[in-house]
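Here's the structure, in structure tokens; my notes come after.
Just so it is clear, the structure is predicted and the values come from calculations on it, not from any experiment. Numbering of ligands and ligand atoms starts at 1, following listing order. Just the heavy atoms: all of them, side chains too, but no hydrogens, waters or symmetry mates, feed the values below.
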Amino acid sequence: MPVNNSEDVISVDYRRASFLLGVAELSQLPADDGIEVAFAGRSNAGKSSALNRLTEQKSLARTSKTPGRTQQINVFSLDDDRRLMDLPGYGFAKVSKKVKKHWDQVLSEYLQTRKSLKALVVLMDIRHSGKEMDWAMIKWALHANLSVLVLLSKSDKVKQGERSKTVRDVKQRLKEMNTMAAHLEVTSFSVLKNDGVRVLEKFLNAHYNPPHE
Ligand code: GDP
């Protein structure tokens with residue numbers, strides 16, 4: 001159940017997240033109702049660390065994964081109506097072309113057809129932000145009129161000047177891509193310095209509690 005919070009009116013208790021299931025095919029996903037928000041990113045971008053920080057669970061999403069191991073969409077339940085979706089990390093050098101193509105198709109279809117999916121959170125390492133697949137994911141999401149939040153992760157690894165410049169550059173690139181006038185946000189993010197965590201929570205709260213439903 002959402003709890004009252006003076007700042008957000010309603011905020012979801014992310015600590016209640018629990019693992020529901022992992023799927024390799026979209027047909028195995030839970031019924032397409034309620035509200036989903038998905039997390040995506042290249043492997044090693046910091047997605048598991050962000051999910052663990054959000055849910056205050058040390059090993060909800062495993063932070064050290066073997067490249068090339070079976071990839072799946074991990075579904076976490078927040079309550080009966082709300083789910084967090086941990087999409088498989090992309091960009092493993094060792095993954096075969098066939099497996100890569102399979103996941104490109106699954107992710108593209110998921111982002112563009114899943115009705116309960118309202119928003120996408122993309123983790124990009126602030127030191128090498130915005131690789132090809134990141135922009136492809138964002139493009140598919142915008143095409144489906146989803147909201148997008150870009151977390152420029154590990155911001156503690158760069159100086160303030162570089163941090164601000166990368167945030168500005170990514171915002172500019174998104175502005176150029178955004179033809180649907182969807183809800184788009186960019187922030188620097190660090191689990192070590194607690195940078196951007198509040199922005200992430202507010203973004204999620206807004207999408208898990210839509211004003212007209
Ligand atoms: P994933 O593959 O996207 O799930 O990435 P992980 O969450 O496993 O993180 C990859 C590596 O980056 C791990 O060694 C983390 O400890 C490290 N990492 C994640 N977030 C941060 C951060 O905010 N700051 C720093 N300095 N390192 C981080």
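Below 4.0 Å from some heavy atom of Arg42 lie the following atoms of ligand 1, by number and element: 3 (O). Below 4.0 Å from some heavy atom of Ser43 lie the following atoms of ligand 1, by number and element: 2 (O). Each of the following atoms of ligand 1 lies closer than 4.0 Å to a heavy atom of Asp156: 22 (C), 23 (O), 24 (N), 25 (C), 26 (N). Each of the following atoms of ligand 1 lies closer than 4.0 Å to a heavy atom of Lys157: 26 (N). When each atom of ligand 1 is checked for a heavy atom of Leu192 under 4.0 Å away, the hits are 23 (O), 24 (N), 25 (C), 26 (N). Listed by number with element, the atoms of ligand 1 under 4.0 Å from a non-hydrogen atom of Ser190 are 23 (O).
Contact analysis leaves Gly41 out of contact with ligand 1, as no non-hydrogen atom separation drops below 4.0 angstrom. A heavy-atom separation below 4.0 Å is not found between Lys193 and ligand 1. Not a single heavy atom of Leu123 sits closer than 4.0 Å to an atom of ligand 1. Using 4.0 Å as the threshold, Ala45 has a heavy atom nearer than that to some atom of ligand 1.
Listed by first then second residue, pairs satisfying salt bridge (charged side-chain N to carboxylate O under 4.0 Å, His left out) with a partner in residues 128-154 read Asp125-Lys154, not counting sequence neighbours.
Evaluated for a side chain to side chain contact (heavy atoms under 4.5 Å, CB included) with Phe189, the options Leu149, Val121, Val197, Ile126 yield exactly one hit, Val197. Residue Val122 is tested with Leu87, Leu152, Ile138 for a side chain to side chain contact (heavy atoms under 4.5 Å, CB included); the sole match is Ile138. Checking each of Arg173, Lys165, Lys171 against Asp169 for a salt bridge (charged side-chain N to carboxylate O under 4.0 Å, His left out) leaves exactly one that passes, namely Lys165.
Using a 4.5 Å heavy-atom cutoff, the side chains of Asp86 and Ile73 are not in contact. Using a 4.5 Å heavy-atom threshold, the side chains of Thr187 and Val167 count as separate.
For the residues Pro88, Gly91, Ser49, the heavy atom positioned nearest atom 15 (C) of ligand 1 is part of Ser49.
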Between Arg16 and Asp13, does the salt bridge (Lys or Arg N to Asp or Glu O under 4.0 Å) criterion hold? Intermediate values first, please. CA-CA 6 Å; Arg16 295 193 51 186; Asp13 187 357; 5.3 Å; no
Pair Lys118, Glu36 - check salt bridge (Lys or Arg N to Asp or Glu O under 4.0 Å), show working. CA-CA 6 Å; Lys118 301 299 176 207; Glu36 286 177 359; over 6 Å; no
